[in-house]
Amino acid sequence: MEAENLQVEKMRHSLSHVMAAAVRELYPTTTFGIGPAIENGFYYDIDFGESKVSDADLPKIEKKMRGIIARGCEMRAREVSRDEALAWAKENKQVYKEELISELPEGETITFYDLVDPKNGEVLFADLCKGSHVENLKEIGAWKLDRIAGAYWRGDEKREMLTRLYGLAFATQEELEAYLEQQEEAKKRDHRKLGKELDLFCFSDLVGSGLPLFTPRGTILRDMLNELAQGYRVRCGYRKVCIPHIATVDLYKTSGHYQKFPELLKFISQESGDELALKPVNCPHHSQIFASAPRSYKELPVKYLETTMVYRDERKGELGGLSRVRAITQDDSHVFCTEDQVEGVFGELIESAKDLYAKVGMKLTLRLSFRDDGDGYIGDAEMWEKAQTAIERMAKKFEMEYFVGVGEAAMYGPKMDFMAVDALGREWQLATVQLDYAMPTRFGLEYTDADGGKKTPIMIHCALLGAIERFMSIFIEHTAGWFPLWCAPEQVRVLTVNDKAEAYVKEVEKALRGVVLDEPIKNNQLRFEIDRTDDSLGKKIKRATAMKIPVVLIVGEKDAEAREVSVRTRDGEEKVGLDELVGWLVARS
RNA sequence: GCCGUGUUAGCUCAGUUGGUAGAGCAGCCGCCUUGUAAGCGGCAGGUCGUCAGUUCAAGUCUGACACACGGCUCCA
């Protein structure tokens with residue numbers, strides 16, 4: 001397996017050289033950046049200078065590449081000195097290569113790979129490269145050029161914008177096709193497409209980009225997911241609070257967001273001239289509820305819970321569907337507690353996260369998000385050390401497998417981030433539990449301890465869904481829109497065959513009206529519709545299926561006679577007696 | 001923000017070399033009373049993303065803007 005992976009990587013890497021050779025032949029004045037092998041293929045970043053390149057040019061480049069491969073060219077390594085390499089780069093006006101070479105240590109031996117036609121010894125392309133490569137292009141498997149995109153030189157937006165040509169490459173044709181098929185499947189499940197088809201949310205240019213509007217159906221889904229996420233904490237003694245969505249900027253100067261959080265949206269009051277901001281987080285507001293009264297150690301831990309929107313001025317190019325928005329709903333909670341209560345609070349939240357993700361059918365992995373050396377943080381080094389050690393100790397105590405993500409911490413402290421794996425095997429950061437020694441200090445929060453002295457509480461931030469919008473985008477793709485019964489916007493649809501069994505349809509309606517599900521959330525009154533239109537049954541079924549309604553009940557004269565309903569679900573068809581219908585539905589939730 | 005692609009009826013899409021727009025579905029109106037994924041017929045529906053420009057003439061060509069989609073170090 002190892003050897004196979006290595007071979008595929010060699011092949012992908014060699015293909016990037018072949019692509020460069022083809023490009024140079026077609027566009028002689030280009031300057032080359034880097035051309036690595038990647039997960040599903042390869043790319044090359046190229047500066048095309050004056051020439052414009054677009055998707056339409058890909059077939060031309062691909063054809064040229066196939067020609068080079070058909071010639072049976074070889075990849076030959078050649079060692080040169082650093083000075084020789086620099087001279088080569090200068091002579092050929094390869095400024096990017098020159099930059100790369102000049103960064104290599106003095107005296108280092110450098111490898112070049114030549115793409116050579118063995119029949120006449122012609123060198124089609126010579127490139128600075130550490131390898132490794134296939135020996136002969138005959139070893140190359142299945143590949144195709146994929147798309148064209150822009151990429152900053154070395155990923156730095158202050159530097160030149162190069163054109164990146166992406167290619168896909170696999171060992172066999174089957175693997176390439178399987179990959180393309182998987183892409184197709186992902187496209188079919190795309191939450192933006194399903195969001196429209198299932199009537200869950202929409203956008204309006206008048207409202208603005210990155211600002212989703214939820215329809216009645218989408219709102220039900222949101223509410224159900226939120227209820228699930230809040231339920232765990234309500235049962236652990238969290239109490240709901242409610243705050244306004246704006247505050248004076250003084251609040252964020254105190255919290256540090258004004259200085260460290262560029263996405264903060266600010267505005268000036270025409271009335272008072274005050275500078276205000278839309279809340280980018282909820283903790284400062286919540287801290288002021290804690291600060292509103294003298295607190296005793298006896299009432300700790302104080303646990304607040306609120307699902308509410310925060311607003312962030314995200315970079316426009318990064319907005320997309322529900323996964324990246326400017327108005328974000330967090331199922332947020334904040335706990336103010338003593339040092340020795342931290343473990344208990346974390347324990348409850350970890351158990352809740354595990355249970356919630358099991359209920360939605362996603363596997364969890366744990367990332368401990370620690371700080372890096374950047375300056376986007378508040379609080380002193382000692383405090384960070386203490387918090388990070390505590391987080392790691394808890395991961396061990398609760399027997400969670402974890403890895404450490406450096407540079408992933410929040411502004412005010414390290415986080416325990418739960419990564420959920422969806423049906424397509426993709427990993428997403430959703431639930432998060434954060435330990436914060438900084439915010440309480442900045443806000444001067446305190447409580448009176450048993451000895452009468454004042455102490456600073458510790459704050460624990462948590463969101464189990466993370467952002468509801470993001471969670472929904474993933475959940476929609478995870479389920480492909482086939483939501484479990486408990487959270488489906490429309491759980492049951494009754495289809496009449498004709499108008500001759502209306503009396504019986506009314507009986508069924510009455511039975512459904514009495515159905516209340518209690519799992520996984522309590523008091524979940526059944527949501528159902530009755531399709532009495534005079535369309536054919538086939539058409540009604542098609543419509544209900546397109547909306548991915550989990551349970552479809554067909555009720556006609558034959559059913560009335562037998563006092564049953566014809567049930568149609570994704571699993572198939574069956575008959576259920578009217579008397580058993582309620583129990584049948586409850587059992588399926 | 002930057003690079004590339006796109007925007008035609010509520011939705012999915014046609015629209016050849018510039019000659020003032022088409023289909024299917026959905027909608028509405030009839031007929032059909034229908035048994036497990038589209039019954040039949042008719043009607044209505046569009047400043048072709050927006051604003052400029054070129055032209056006798058622009059959905060089609062040019063420019064700007066808006067919005068959407070894909071990408072923006074898996075470090076020779």
Side-chain angles (χ1 to χ4, degrees), chain A residues 9 12-13 16-17 32-43 45-48 52-58 80 82 85 89 94 96-104 108-113 127-132 146-166 183 187 190 192-193 196-197 199 202-210 314-321 495-502 532-547 552-560 566-569 572-574:
Chain A
E9 195 172 326
R12 287 171 177 160
H13 200 172
S16 75
H17 285 239
F32 293 89
I34 56 164
I38 53 171
E39 198 185 309
N40 52 18
F42 58 97
Y43 69 76
D45 285 347
I46 300 167
D47 188 340
F48 281 86
K52 284 259 175 199
V53 180
S54 72
D55 292 329
D57 299 307
L58 288 180
V80 296
R82 190 169 173 278
Q94 292 296 326
Y96 304 110
K97 298 291 180 192
E98 191 182 331
E99 181 180 328
L100 294 171
I101 296 164
S102 63
E103 283 172 14
L104 294 170
E108 179 115 330
T109 332
I110 293 169
T111 333
F112 264 67
Y113 270 86
D127 198 0
L128 164 77
C129 184
K130 73 175 171 193
S132 53
D146 187 25
R147 60 166 161 267
I148 200 157
Y152 293 104
W153 172 234
R154 314 197 99 178
D156 183 346
E157 61 186 277
K158 290 184 187 67
R159 309 238 12 210
E160 299 84 343
M161 168 65 67
L162 307 186
T163 303
R164 177 172 295 181
L165 303 176
Y166 278 101
Q183 295 295 102
K187 230 180 181 176
D190 190 317
R192 290 166 299 203
K193 182 171 172 283
K196 193 180 274 182
E197 286 172 6
D199 189 22
C202 59
F203 290 89
S204 155
D205 286 358
L206 277 177
V207 174
S209 68
E314 300 285 358
R315 285 155 53 113
K316 264 174 114 183
E318 311 218 311
L319 298 172
L495 311 183
T496 60
V497 176
N498 54 37
D499 53 16
K500 290 177 186 145
E502 183 51 29
R532 288 187 167 95
T533 56
D534 59 2
D535 295 313
S536 67
L537 181 61
K539 195 163 181 176
K540 294 187 193 186
I541 289 170
K542 188 173 172 64
R543 211 156 43 207
T545 311
M547 291 304 283
V552 174
L553 304 180
I554 293 158
V555 181
E557 291 165 287
K558 290 179 202 164
D559 306 284
S566 304
V567 182
R568 200 187 145 103
T569 65
E573 296 162 28
E574 59 183 296

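Taking side-chain N and O atoms only, Lys500(A) has a distance below 4.0 Å to OP1 or OP2 of rU34(B). Neither OP1 nor OP2 of rU73(B) sits under 4.0 Å from any side-chain N or O of Tyr96(A). For the pair Lys542(A) and rA37(B), the criterion of a side-chain N or O lying under 4.0 Å from OP1 or OP2 is not met. The side chain of Ser536(A) contributes an N or O atom lying less than 4.0 Å from OP1 or OP2 of rG39(B). The side chain of Asn498(A) places no N or O atom within less than 4.0 Å of a non-bridging phosphate oxygen (OP1 or OP2) of rU33(B). Distances shown here put every side-chain N or O of Arg159(A) at or beyond 4.0 Å from the OP1 or OP2 atom of rG1(B). Listed pair Lys539(A) / rA26(B) meets the phosphate criterion, a side-chain N or O lying under 4.0 Å from OP1 or OP2. Listed pair Arg164(A) / rC3(B) fails the phosphate criterion, with no side-chain N or O lying under 4.0 Å from OP1 or OP2.
When each of Val555(A) and Leu128(A) is assigned the nucleotide of RNA chain B bearing its nearest heavy atom, the one mapping closer to the 5' terminus is Val555(A). The residue among Val53(A) and Arg147(A) whose nearest nucleotide of RNA chain B is located toward the 5' end is Val53(A).
With salt bridges taken as basic N to acidic carboxylate O contacts below 4.0 Å, one links Glu573(A) and Arg568(A). Classification of Arg532(A) and Glu502(A) as a salt-bridged pair holds, one side-chain N sitting under 4.0 Å from a carboxylate O.
Rounded to the nearest Å, the gap between the C1' atom of rC69(B) and that of rG15(B) is 23 Å. Between rA64(B) and rC3(B), the two P atoms lie 11 Å apart (nearest whole Å). The same atom, C1', is picked in rC13(B) and in rG53(B); the two are 30 Å apart, to the nearest Å. Here, rG10(B) and rU5(B) have their P atoms 28 Å apart, quoted to the whole Å. The C1' atoms of rC51(B) and rC67(B) are separated by 15 Å, rounded to the nearest whole Å. Taking the P atom of each, rG42(B) and rG18(B) are spaced 36 Å apart, rounded to whole Å. The P atoms of rG24(B) and rA58(B) are separated by 29 Å, rounded to the nearest whole Å. The separation of rG27(B) from rG70(B), taken at their C1' atoms, amounts to 34 Å, rounded to a whole angstrom.
One donor-acceptor pair, N or O on each side, does fall under 3.5 Å between the base of rG1(B) and the side chain of Tyr152(A). If you check distances only, the side chain of Asp156(A) never reaches the base of rC72(B) with a donor-acceptor pair under 3.5 Å. At a cut-off of 3.5 angstrom, the base of rA26(B) holds no donor-acceptor pair with the side chain of Arg543(A).
The CD atom of Glu160(A) sits 15 Å away from the P atom of rU73(B) (whole-angstrom rounding). Summarising the geometry, the separation between CD1 on Ile554(A) and C1' on rA37(B) is reported as 11 Å, rounded to the nearest angstrom. When rounded to the nearest whole Å, the span between CD1 of Ile46(A) and C1' of rG4(B) equals 15 Å. Following rounding to the nearest Å, Lys193(A) (NZ) and rC11(B) (C1') show an atom-to-atom distance of 12 Å. The distance between atom CG of Asp45(A) and atom P of rA76(B), rounded to the nearest whole Å, is 13 Å.
Checked against rC2(B), rC74(B), rG71(B), the side chain of Ala149(A) finds its nearest nucleotide in rG71(B). In the set rG71(B), rA68(B), rU12(B), rG71(B) carries the atom at the smallest distance from any side-chain atom of Met161(A). When distances are taken from the side chain of Arg568(A) to each of rC3(B), rA37(B), rG35(B), the shortest belongs to rA37(B). Looking at the side chain of Glu557(A), the nearest of the listed nucleotides rG35(B), rU33(B), rC72(B) is rG35(B). Minimum atom distance to the side chain of Ile34(A) is reached by rC75(B), of the listed rA37(B), rU36(B), rC75(B). For Ile38(A), taking side-chain heavy atoms from C-beta onward, the closest of the listed nucleotides rU34(B), rC3(B), rC74(B) is rC74(B). Minimum atom distance to the side chain of Arg192(A) is reached by rC69(B), of the listed rG71(B), rG4(B), rC69(B). Nearest to the side chain of Asp534(A), among rG71(B), rU34(B), rC11(B), sits rU34(B). Out of rU34(B), rG1(B), rA76(B), the shortest distance to the side chain of Glu157(A) is found at rG1(B).
Contacts of Glu39(A) classified as side-chain contact (heavy atoms from CB on, under 4.5 Å), with partners at least two apart in sequence or in another chain: none.
Ile110(A) comes within 4.0 angstrom of a base, heavy atoms only. Contact annotation for Gly321(A): backbone-only contact, meaning every heavy-atom pair under 4.0 Å involves sugar-phosphate atoms and none involves a base. Among the protein residues, Phe112(A) comes within range of no part of the nucleic acid, since none of its heavy atoms lies under 4.0 Å from any strand. Using a 4.0 Å heavy-atom distance criterion, Asp559(A) is classed as a base contact. As judged by a 4.0 angstrom heavy-atom cut-off over every strand, Thr163(A) is placed among residues making no nucleic acid contact. Counting any heavy atom pair closer than 4.0 Å across all strands shown, Gly556(A) reaches a base atom. At a threshold of 4.0 angstrom between heavy atoms, the contacts of Glu197(A) with the nucleic acid are absent.
The shortest side-chain heavy-atom distance between Arg147(A) and Arg164(A) does not fall under the 4.5 Å cut-off. At least one side-chain heavy atom of Thr569(A) sits under 4.5 Å from a side-chain heavy atom of Val567(A). A 4.5 Å side-chain heavy-atom check between Thr163(A) and Asp45(A) finds every atom pair outside the cut-off.
Of the nucleotides present, rG39(B) is the one that pairs with rC31(B) by Watson-Crick or G-U wobble criteria, both distances under 3.5 Å. Under the Watson-Crick or G-U wobble criterion, with both distances below 3.5 Å, rG6(B) is paired with rC67(B). With a 3.5 Å ceiling on both atom-pair distances, rA14(B) lacks any Watson-Crick or G-U wobble partner. Across all strands shown, rU55(B) forms no Watson-Crick or G-U wobble pair with both distances under 3.5 Å. Of the nucleotides present, rG1(B) is the one that pairs with rC72(B) by Watson-Crick or G-U wobble criteria, both distances under 3.5 Å.
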Margin query: Applying side-chain hydrogen bond (donor to acceptor under 3.5 Å, both in side chains) to Tyr152(A) and Arg154(A), what does each step give before you reach the verdict?
Written below: CA-CA 6 Å; Tyr152(A) 293 104; Arg154(A) 314 197 99 178; over 6 Å; no
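Counting only distance, with no hydrogens or angles, the side chain of Lys540(A) and the backbone of Thr533(A) share a donor-acceptor pair below 3.5 Å.
Judged by distance alone, the side chains of Ser566(A) and Lys558(A) never bring a donor and an acceptor atom under 3.5 Å apart.
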